[in-house]
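The structure appears below as structure tokens.
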Amino acid sequence: MAAEEKKTEEAPVETETPKRKSPILLVVVLVIIGLVLAGGISFFVTTKMMANTSTAANASEHHDPGTFVKLGDEKEGILVNVGGPKAGKFLKCGIVLEMNPSRKDNVEEGKLKPMAETKILDSTMQILRSASLDEFDANKQDDLKKKIKDELNDKLGQGSVYDVYFTSFLLQ
């Protein structure tokens, strides 16, 4: 037995080393912190940045009912040559404007005042005459409406025209 005791005495004694944290645990903690930061940033962007665009869109959508005014002749609407002098194309369209009724300098008792009517017809005819034939495509009519609305609001004052509607549209 003495031989066995010598072997146990000669065997190196293991010293206990402090346990290291697993690298997997560290990676999991870093991923969780990254997700929390990403969530915070996306929340900030959604609430702060998107709030500005939604309030601008809602301001233009919600307004008092406007006064509807038809441009041009009551039956015929507007008749104008388009595409330049050599194109030989004519546009016959019915355009109705939704006007801001609180702008008393433009609309009174449901009718356009003469000064406003002159400015509106002149600007509308200029836009229609200067437009290329491609702009009269059915897919691009919203752009044409926006162009007319923006030009009229510049001439009459911002907020004068709520919207532009085409009630008839014939290009030949």
Close side-chain approach of [X] to [Y], heavy-atom, < 4.5 Å:
X    : Y    : value
K140 : D134 : yes
K89  : N81  : no
L128 : L144 : yes
E135 : K147 : yes
M99  : L156 : yes
I148 : K145 : no
L97  : Y165 : no
Y162 : N100 : yes

Minimum-distance pair of heavy atoms, taken over all atoms of [X] and [Y]:
X    : Y    : result
T124 : I120 : OG1-O, 2.7 Å
L79  : M125 : O-CE, 4.0 Å
P101 : T67  : CB-OG1, 3.6 Å
I95  : T167 : N-OG1, 4.2 Å
K70  : G94  : NZ-CA, 4.0 Å
N153 : S160 : OD1-N, 3.1 Å

* To do: Show your working on side chain to side chain donor-acceptor pair (under 3.5 Å) between D154 and Q158 and close with a plain yes or no.
  => CA-CA 6 Å; D154 286 344; Q158 290 301 319; 3.0 Å; yes

* Asked: Taking only residues two or more places apart in sequence or in another chain, which ones pass side chain to side chain contact (heavy atoms under 4.5 Å, CB included) with V31?
  ->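 Only V27, L35 meet the side chain to side chain contact (heavy atoms under 4.5 Å, CB included) criterion with V31.
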
* **side chain to side chain contact (heavy atoms under 4.5 Å, CB included) partners for V29, two or more places apart** =>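 With sequence neighbours excluded, V29 shows a side chain to side chain contact (heavy atoms under 4.5 Å, CB included) to I33, given in chain and number order.
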
Separation of [Y] [atom2] from [X] [atom1] (nearest 0.5 Å):
X    : Y    : atom1 : atom2 : result
L133 : L91  : CG    : CG    : 10.0 Å
K155 : K119 : NZ    : NZ    : 8.5 Å
F68  : D163 : CZ    : CG    : 8.0 Å
K92  : Q172 : NZ    : CD    : 8.5 Å

Consider only side-chain heavy atoms of I, L, V, M, F, W and Y, link residues closer than 4.5 Å, and tell whether [X] and [Y] are in one cluster.
X    : Y    : result
F169 : V96  : no
F90  : I78  : no
F166 : I127 : yes

* Do NZ/NE/NH1/NH2 and the carboxylate oxygens of K146 and D150 come within less than 4.0 Å? ->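 Salt bridge between K146 and D150, a charged N being under 4.0 Å from a carboxylate O: yes.
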
